[in-house]
Structures are given as structure tokens and as C-alpha cells.
Amino acid sequence: MGDFNGNGNSKYGAGTPMASRNPFLDQLETVDVSDDPYMSSPYEATEENASISPYSGSASDPDPYYYTSPQVQNIAPAQSTTHSGTSHLPSYSTNTALATGLDNYQPYYYPSSYDQFADENAYDISDLSLPGHGRPKLPPQSGASRFYGRMKQRLGFGPKYSEMDLPLTDARAQAPLGTIDGRSAFVDDQYDSYKETEPSREFDIRQIFNKLLGRKPIDPTTKGPRIIHLNDAPSNSVNGYLDNHISTTKYNIATFLPKFLFEQFSKYANLFFLCTCIIQQVPNVSPTNRWTTIITLGIVLSVSAVKECIEDVKRRNADNDLNNAPILVLNNGVFETRTWVNVSVGDIVRVESEESIPADMILLASSEPEGLCYIETANLDGETNLKIKQALPDTATLVSPAELSRLKGSIKSEQPNSSLYTYEGTIMMETLGNEKEVPLNPDQLLLRGATLRNTPWVHGVVVFTGHETKLMRNATAAPIKRTAVEHMVNLQIIFLFAILITLAVISAAGNVLKTALAGETLSYLYLAGTNKVGLFFSDLLTNWVLFSNLVPISLFVTVEIVKYYQAFLISSDLDMYYATTDTPTICRTSSLVEELGQVEYIFSDKTGTLTRNVMEFKQCSIAGICYGDEIPEERRAAEIDGQMVGIFDFRTLLDNMDTHPTKEVIHEFLTLLATCHTVIPEKKPDDDQIKYQAASPDEGALVEGAAKLGYRFTTRRPKSITINELGTNAEYELLNICEFNSTRKRMSAIFRCPDGRIRLYCKGADTVILERLSPGNPYVEATMQNLEEYAADGLRTLCLAMRAISDAEYAEWSAIYDRAATTLTNRSEELDKAADLIEKDLFLLGATAIEDKLQDGVPDTIHTLQTAGIKIWVLTGDRQETAINIGLSCKLLSEDMSLLIVNEESKEDAQNNIKSKLSAIKGQSVETQLLDTLALIIDGRSLAFALEKDLEKDFLDLAVMCKAVICCRVSPLQKALVVKLVKKHLNAILLAIGDGANDVSMIQAAHIGVGISGMEGMQAARSADVSIGQFKYLRKLLLVHGAWSYQRLSKVILYSFYKNITLYMTQFWYVFQNAFSGQVIYESWTITFYNVFFTVAPPFVLGVFDQFINARLLDRYPQLYQLGQKGTFFNVRSFWAWIVNGFYHSIILYVGAELTYRNGLRDADGLVDGHWVWGTALYTACILTVLGKAALITNIWTKYTLISIPGSFLFWLIFFPIYGTVAPMVNVSIELYGVLPHLYGSLPFWAMCLILPVLCLIRDFTWKYAKRMYFPKSYHHVQEIQKYNIADYRPRMEQFQKAIRKVRQVQRMRKQRGFAFSQADEGQSRIIRAYDTSQGRGRFGEMKTLHNQ
């Protein structure tokens, strides 16, 4: 199945089966790690596809994710097209499509098919029938919930209110695939007119206000171009452009009250108690004090408001740090320091090396030749290679402040939009009374969030600021996130409310019937002539208030405080403190802590999150001999059976340069490293140090490695380079460069060497180098063995070869190459063919091994999280081969996995690819362990197709069947769309983690967002719910703190409902004895004190200090994390089990108290104990019972447990005599007058307090014993291990399994070796020939070769 070439191989590589291959994989169009000859693109260099780049439409196409000059330069307003639900391929050229940059932003959300009240569906936390498919959604709601949903929809709080969706209102950025500036290239004219675009669904007071007034959103593209005046601040200020401040806060002054109240009253308990407060104000209806509920509700809301304010102030402070960062701005001919927030549109700013770009700006000039500069966009798109930007020739000479201040004219710019890869505009410059208009394109656009690298300085004019920058338009306001537990509690409260109404109806109906049937015996109540209907509804409201405390009003404030303290414990954990950068873990949003224990999917960025983006030259193989820098003791070179085996250190390599038989090979090897590259050397003026400017970090590592070994690259000129060979300068004349691209997978440079001979130096993938070697190369076998070892260690490998070329052969080839370089058709393809003619009969020198250094502990963390049942998806802007290599290094991909690669050029091909793989898997009887050997790799272009509505479900079904998913070359919005796709279809808890601004949308789209702080870009950390210093801390954050938080919160919520049911259901049983009159058992303020004083401490202690298993064993047994994923501790069944248990205890308590005081007890003074004595006695028994239940469910006893449980009961025994004596004296709680002497002096009271709690809890104790002894769960066994400190012998087994994996890995690498080389694609030759580093710099730091002052 699939597309095969003439060699019988699939287009995805040679189909070498693996020893452990799944039986159904033969039906798949798959590529496993061993089957991919390049460990990169699924394309082979066959005649059929030799010219096709896996990332572009043709070999001549540039990288589609970066700009090429568009064929349509149009500043006029663009027309919009509405989404039709289908997408067609464009009929215009690939270049034009790519130039728009819109193929990255394909919508998958269509309101017409989306459940408008989907956000009201609670999570059904139950066991999963198939791992990875999440919890099934509950059926649609009805009644009050549906009515509430409609009200939210009408107020602008629709289903996407708390979601991250496309935050765009400009038609161009929302245009479907196959459009130019929002206008379809091929559709009918009926779509050519602009139609109303869908507004953002984030909470916005202005949006709601405009909706109420009937105002329609304005399409920015209809405004025409933005006019920016150069060096004319007053003219720019009248246009009302946004300032440069950014805000990631959740609230502001205008939105705090409505947003906070909406969030709070989305909790049905608060809404219920608001209704109760209103009912209590009706005269002669409430049986309790009218202020008890409203005061308590006010306290609950106040505590929540204070917590929200504290957390939002932290976000605001973090924003202020960025807004107040310094930057140089031109003012009156000099650069002065301002803060970022004071940068305005039209300002000319100076950004220096290693600084971040403060706003979107047009590059005017730089310190480099021809206005070139290097920027790092890892913070924007995750791409590790440096990007090259170039100023216009007309402005590239403006290097001094005086020249810049004389610049006059204006810029016509497109309106703000979210497309990172497109820009259209013109600059009008006034020179000597003449006006000259020059077009602008993305080559001149520097985006906010990018970092200037390898360039001393640049000058630019600001075009977009603040929230109008492309970076911020790819982000959204901080969304409101609600947890699965909150959803379930909300839903159960509805059912509990239904029970309350049922009880109230029974009581009201009972009163009506009692009045009607026994009215004559109740004549003293003067009920004759009472309207029965009015009496029913009056009693209904009375009983509503009477039973209202079945829903615990203190629950949410208790939960908020517990969550806040759990967040404090997370932030205070020294195990998650990164000392290197002085970065603690910070939990910015405490309301999500329990979801840390239920995560099923992790979406991770790669660059800066999994890796450090630091390349290190680790080892090399020269003439079959392996050399290394840091060598483990067991792998050092030693003599075995008369032969030297192992790795020699670099010191030995230096010694071998003089006397060893391979010294000539060593010389050529190091010369190749020092010459065959596109690196620019930058000498510092004050010393002899050289800083290498490398667009590719791999190349930088290779050149630095050669320099450490004595071959130091010092000078680059347009036609030559100079290297220092062991102290002697040698100049190499550069004749030609055959550039690297994704098809060739190699780079060659042709030099005339100091000895006068012409040599070709070539480096590239081992598979493409091996097939170009001359026969009889002596070092092939030994080098391949070394490559196996490098690849097994996860190192990035590269083969090096060379050949000497005669002058005649070079002259003949040079003519062919020159003709190819000047052809107007298929130039790239012709250049590749010309290079093939000279890159033959090569001599293999050796291989290099570079380590893309991972963050500390990443492999172990990923392996442990996968063991815990968490699926990890990596979403990166990096290349496919790089991502796969890192996947192997960090153990996301294992040696026995098969890779399902989707890398197609058209939607039809992508659809066929995905559907064929999916049908093949579904057509087999697939077991879980077989699915664990699958991994999906998909590139950004194919992902854009996969996210379209008609294909998204198939893509998701395929993805969730895989153990790991890697999405390569994806844009920031694509990251968010992938997260939202999973969030939409699976009720699984999603966590997104990243470190850059390009990850913010993904972080905000997930249920939980985690940001890596301590890096250069801090926006992800500021926008995240939790920020950590290293990826490895995710392990303890989830497996320990997450598991604790989930189990603790579950217990707090269940216990809170239980204790209220136990006390307040006794009131219901009493109505059958008080003729349904609504008489209360307990005094009003005593009822309020129940949740405020006497039972408030146990939930706090359980929620903060209880540990069902200690941290060491939770980390040791990550499988325990699945308890949270499956909702073991909190689900519908457990909730109602606790409710029923509360009913059961209330019956026993009521009946026992009733029997004890049935006929009244006479005291020594002859008086009979009355109603309030009995009520207080029952109240005391209830307190002791619920405190006993808390003791029974406590896993670990601390001093705080002793204070909270026995201490609470002692507090009641002390509090009541004081309150019962003092309160009646001040006319408060007069019902308690005289109760104390008749209570504490009564033996039956103390007997009842001793017997009734035991009768209630004996069943609970028996059930707990039976479960642990006869039906134990997994955590029960681990608790036994913890209690008795049982030894764990698993380390020996793990060592054995590790050895087995090592053997399999080497066997796989012998079948097919791979490489990963993060070299930039074509275009480097022109750039490096622009440099002459032998010249110094001018007065302003500019290259003298260009700016002769």
C-alpha cells in the first residue's frame, strides 16, 4: 500500500522490516526509525522525486515558512472570503501561495457544527476502554443548565469564551488555503465581497457593549494602508496607534467585576445561595435569621476575589518587568534610552546584539555588509537556525544618528495581522526634493520577540506596537479555565439541588395535607380558611431555606484556600528550584492544581524546552579511529587481543598529527571542518578572540571544534578564506559552493589550496556520501561502526569526504555550473545536477558527532511520564530530521517504534495517506502493546490539511492510537489548533509546555499551561499557569504534587458534602414529627458555626497535609498516576456513595437522639429537657461523628491533624458554655437560654455522644477493612510498602532491560544509519561572499567594505 518507485521501495524509504515489527504494520505506509535512510524526509533521491523538497512545492521553491518575493504586491484593501467548509488547491503558482503565508492558518472550527453549549458538559471521569481516547462526554444538558447556557451565549460568553481560538478579525489572516489576501484565486465572485468576520470570543466589555448596540466588527483590511511618517512624531500621534505596552493579566479595572462575578456564579452552588439569600429577605418565609446566608456568601466571594487579585497582581508585575525594559530611541539626532512601553509607531530604534526586538519594525540599516543581520526566531516559531534579514539598499547606508535624523518620507504599511511570514508595504523617501517609492517585503520586517544575534546593531523604524504586533496577535487574553473536578461538582450540585427541591416539595405537600386532613385538631393554629396553594408555595420557600445547607456554602471558599496553599507548597518545593538561574517554580493559577494529577496528554515545544539549543562537538572518527572530548572510563581506548579499541581523547589526536600514519587524513579532515561552511568570523577589537556567526548551530559547533584542535578559521573574504593551521596562516581561494538543501542533504566547497591544487570538500548525510565514494575506500567499515555508536547515543552525525580535482576537469565543470547558475528555468534543479557531476569518486575522511544538548533529565522525565500513562506530543517549528533525532535522544521515540510519516504536498495526498494508515490499523485486531510501538510524524503543510474539518477527525483518530506524535515545522497558531482539536473531541486533561512566545497560544489553549522560565524569552512563563525552571521538574510537578492535589481535593470535596448531609438531613427526618411545620432542630447561628468553626479545620488539614503515598514512592511507581487519569478518587459513583453514607449517618443520629429524648428527661431540679437541649445534644453527636469520619479517612497523622480533629471537638465543648451563656444575655441566640446546665450535667447526653458516633462509623470501619484486606487497589499495596519499608529489587531488572534496549538499538542502526544536520537551505553563497572580515569596522561599527566613511 503506498507509492513505490522503480526499485521496489516505498517513497518513504527502503522497507527493511524490524525484528519486533508489528504484524499489521506491513499493511501500513510506514517508516520506522530504521527504515528512514536520512532520518529526516520520507523522500528518496530517486529519479521520480530527486528534485522534490519535503518542505516545498518544487526544488526551486524556498522554504514555505519563510518569505519569498510575492508576485502580488498590493497595498489596497483586501477582500475577504467566508469559510466554505472545504478547501481547494490554488490554481496559481506555488510561490504565490507560499508568499501569502496563509497556508499555515487553516481553520478547523465551524460554528454551524459546534455544540453551542459544549462547554457546559461536565467531565465523566471514568475508566477508559481505550488508552488515549479520554473520558466520553456526558449527554447534552437540559433544564436550568441549558437555560443558563443560552443566557451566557446572549451575553457573549459563548462556547469559545474560555477557549483559545483564532484571535483575528482581519480577513486576510483568516483566509482559507488557496487565497491571496483573503480573495480566492479561483472561487466564484459571490465570495469576493467582504462578509462579517467572526469576532473574538474572549471576554471583552467593548465587544459586549458593541453587541448590545448592534455595532458590527470592522475589518481592518478595509481601512486601507497604515501611513507612518518618518521622523515626524506629531503626525503619527494623531493617528491613535496603540502604545507598546503588553498585558497578560486576567483582569483589568473594567473587566474585574463582571468577569469575576461571571466566573463565581458559573459555580451553581454560588448561584443557588444567591437565590437563597433573596428568599431569606422575604418576610415570614425564612425559618432562620435573614442574614446568615448573605453574610457567609459575601465572605466566600470576598476570599475568592482577594485570591484572584493576588494572582493577577503577580502577572501584572511580570508584565511591568518587560514593559520597562530599556531600548535606544532616536530623538533630536541622538539615541536616548527609553522603556519599551514608551516606544511609539514611527520611532527609529537601535537594537544591539543579544537584545530582543521591542516592536515590529522595518530594518533600515545594520552593522553588516549590505544591511544584513541575523535574528533568532526560536521565541516565535521554534526554529533553531538563525534567520537572515536584509535592509533595502536605499537605507542600508544610514548608519549614523545624523543620517537617520535627516530621513524624511513615509511608510505605507499593511494593517496589523497575525501572519508571521508575510508583509506588504512601501517606503516613500524624500531625497533632494525628489520622492522615491520602494517596496517592502518580509526580508525587512523584524518581529517583536525575535532576538538579534551575531550582529552588533541594527536600526529600524517601528510599524506595529503592543497588542498590534504579529506576536501578540498570535496570542489571546488570559482565558478563564475551569477544572474537570469543578465541572463535575457543578453537575452534581444540580442533582443535589433536585433532591433539595424534592425534600422541600414533600415537606410543603405534607403540611398542606396535614392542614387539610387534621385541621380540626389544629384549631389553635387558626389555619381555617388558609389558601392551600399559597400555603404550598410559602412552605416550599421555607423548606428551601431550611434544607439549603445540604449544599455546603463553605465548600468553594474551602477549596479556594486549599488550592492556594497547595500552590504555595508547589512554589516552595526546593526540589523544583533551579539554582543555576535562581528560578523557583511558580504556580500562577492555583485554581488548576488538581488537574495536574489528571493529565493525559502533554504538548511540548522542543527548542528551549526539551533542548538547550546548544550544540557541542563531542566526538569524531578520522580514518576509522574514534576520538572524543569527554570519554567515560569504560569506553576509553585499550588494547584487547593486540588491537586498540575504544575512544581516544583529543590530546591523542593532536599527537597523531605529527607521527601517525593517518596524519594526512587528519589534516584534510580538520581543514574541511575549518573551510567548508558558511560561518562568518567576528573579531573583537580589544582582544584576539573570534566569535563565529553561524546561521546553523551545527556549523558553529563544527568550526569551533576545529579551532580547539588547532585549525582556527580567522578571516572570510568574498573570494577566499584564511585559517590558522597550528600557528601558521593558510589562505584558501574559494572557487565554488554547492549549497546544502533538503534534497541534496550535503554541502560542498571547492578551493584552490595553498599548495596550488584544487580540492573539493564535502560533508553531508552518510547515505548520500557513501554512494559517492570511490571504490576501495579503506576506512568505510570502521567509520560505519563508529557511526552506529554515535547514532545509538543520540548524537547528530555527519560524514566528511574530499577529492582532488585537476585544473582541466574543474574548468570543464565550471562552465557547466556557470550555465546552470544563469538559467532562468529550474535553476535549483540544474545546479543540483551540476553538483552531482563533480561530487563523485570521493575519499572518505571520517565522521563527526555533535550533541544537541538536552535539558538535564529530559530522557528520564519523558520515559517516566510515558510509564505513568501520559502521551507526549512534540510540536516544533524545527525540521523533521532534527525533531526525529531529538525524539530518539530524549526517549520519546524508542528503538522498537515504527514511524508513520505524513509529509505530503497536497490535501488529497495527505488525506489518502492518513486514511490508508487509519484503515490498516482499524482493520487489524490491535492490542494496546502493539499500539505502543507506533509514532506519528507530520509536517506543517500536511498538518494544515489535517486540521481542516473534513479530515481532522481521521487525523485525531490516527494520532491517539500512537504512543507519541511529533508535529514538525508548525506555526504558533497550528500548535494551538492541534491542542484545541484534541480538547474538542476528547475529554482528556491536556497540558502544554513551552518556553517561547510562539508557545503562548498553545499554553493558553490547553487546560494547564506550563512555561519554562529562566530563558531569554519569558512570555511563555508569564502567560502560563505554572512556570518551572527545567523540563525535568514536570515529573515531580505531575506525579507527586499533581497526584497529591487531586487526591486531597477529591477528599475535601467529598467530605464537605458528607458533613453537611449528615447534619442537615436530620432536619428532614424531623419534619415527619413536627407536622411539616418548618420548625428547626438547631439554633440559627449554631447552624452557621457548624461550617465556620467546628468542622472547618479537618478539610483544610486533609487538603494541605494529607499524603496517601509519600513523594518517593509516587515517583518510584509512576503507574499510580493513572488513579487520577481514571478518576479513581472522585467520580459520580464515589460522590453519591458519600452522599448516601451521609444519609445513613443522619438517620442513625436522628433516630438515636429521638429515642434517647423521646419521653423527655427529668433533671434533678424537676424540669424536663426540652427541644433545644435535645437539638444541641444531637448537634454535638453530629460533630463528633463527622470528625470521627475525618479521622477514619486520614492517611497521615501530624500535629495539625491532632489540632484539627480532636481539637475541633474540644473547641465545641469549650465554645458552647461560653456562647450559650453570653449570647442570650445580649439578645442573640435566646433559644440557648438555660440549655447548658441541662446538657453537660446529663448522663444520657454523654452516653449518646459515645454510642451514636460508634454506631455510625462501625460500618465505615468495616468497609475500609474489607477493601484493604480482600479487595485492595494498587495504592493499597504501595501503602503497605511504605508502611513496612519493603525493599524494591527492580533496579536489577531495569539494568537488564537497559542492556537489551542497547542491543536492539545497535541492531537497528546497522540496518539503516541516519543523520541530522540543521543546515540552512540555499541562499548562503551570496551572503558569505558579501563579507570581508579582514577589514575593520567604521566609526559607527559598520563594515568598512560597505560604508567607507
Side-chain angles (χ1 to χ4, degrees), residues 10 12-13 15-42 54 130-133 600-604 606 610 791 794 858-859 862-863 865-867 869-876 878-903 913-914 916-918 920-921 924 926-940 942-943 946 954-970 978 982 1301 1304-1305 1308-1309 1311-1312 1314 1316:
S10 166
Y12 293 110
T16 306
M18 294 167 45
S20 59
R21 191 178 182 91
N22 296 343
F24 65 93
L25 291 182
D26 292 334
Q27 301 189 30
L28 293 176
E29 189 180 7
T30 66
V31 175
D32 57 67
V33 179
S34 64
D35 290 326
D36 189 354
Y38 307 137
M39 198 182 297
S40 59
S41 169
L130 183 61
H133 280 266
E600 295 183 49
Y601 288 86
I602 292 177
F603 299 86
S604 175
K606 181 191 75 69
L610 302 179
V858 165
I862 288 181
H863 177 70
L865 293 176
Q866 287 181 326
T867 305
I870 300 174
K871 291 192 173 184
I872 300 176
W873 294 21
V874 172
L875 312 178
T876 177
D878 250 339
R879 300 169 182 274
Q880 182 174 298
E881 61 268 20
T882 305
I884 292 176
N885 195 63
I886 293 300
L888 287 168
S889 301
C890 67
K891 294 186 179 179
L892 178 65
L893 306 178
S894 61
E895 65 279 352
D896 58 347
M897 275 189 175
S898 294
L899 303 189
L900 312 181
I901 292 186
V902 181
N903 189 340
N913 194 332
I914 292 173
S916 63
K917 289 177 170 57
L918 185 61
I921 296 175
Q924 303 293 325
V926 184
E927 299 180 2
T928 302
Q929 57 266 32
L930 297 181
L931 293 177
D932 285 344
T933 64
L934 296 178
L936 176 65
I937 314 295
I938 184 169
D939 75 323
S942 299
L943 184 62
D954 290 333
F955 164 66
L956 182 62
D957 290 341
L958 177 63
V960 297
M961 289 181 178
C962 300
K963 185 177 182 181
V965 176
I966 297 179
C967 301
C968 317
R969 306 289 281 173
V970 295
V978 170
V982 180
R1301 286 196 299 268
R1304 289 179 179 174
Q1305 201 168 19
R1308 172 176 59 79
M1309 289 301 169
K1311 296 180 202 173
Q1312 290 288 349

Legend entry - ring-ring contact (aromatic ring centres under 6.0 Å, His included) partners for Phe955, two or more places apart: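 By the ring-ring contact (aromatic ring centres under 6.0 Å, His included) rule, Phe955 matches no residue at all.
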
Kindly give the heavy-atom pair with the smallest separation between [X] and [Y], and that separation in Å.
X      : Y      : value
His863 : Thr867 : O-OG1, 2.8 Å
Ile921 : Leu958 : CD1-CD1, 3.8 Å
Asn913 : Asn903 : ND2-N, 4.5 Å
Pro859 : Ser889 : CG-O, 3.6 Å
Val902 : Ser942 : O-OG, 3.6 Å

Inset, instruction - Check step by step if side chain to side chain contact (heavy atoms under 4.5 Å, CB included) holds for Thr933 and Ser898. - result: CA-CA 6 Å; Thr933 64; Ser898 294; 5.6 Å; no

How many angstroms lie between [atom1] in [X] and [atom2] in [Y], if you round to the nearest 0.5 Å?
X      : Y      : atom1 : atom2 : value
Lys606 : Ile886 : NZ    : CD1   : 5.0 Å
Leu865 : Ile872 : CG    : CD1   : 5.0 Å
Lys963 : Leu936 : NZ    : CG    : 15.5 Å
Ile937 : Ile901 : CD1   : CD1   : 6.0 Å

Inset, instruction - For side chain to side chain contact (heavy atoms under 4.5 Å, CB included), just list the numbers for Val965 and Val978, CA-CA rounded to whole Å, side-chain angles, deciding distance to a tenth of an Å, and then say yes or no. - result: CA-CA 11 Å; Val965 176; Val978 170; over 6 Å; no

Inset, instruction - Run the numbers on Leu892 and Leu610 for side chain to side chain contact (heavy atoms under 4.5 Å, CB included), then give the verdict. - result: CA-CA 11 Å; Leu892 178 65; Leu610 302 179; 5.8 Å; no

Inset, instruction - Look at the side chain of Lys891 and the backbone N and O of Ile862, then say whether any donor-acceptor pair between them is shorter than 3.5 Å. - result: no

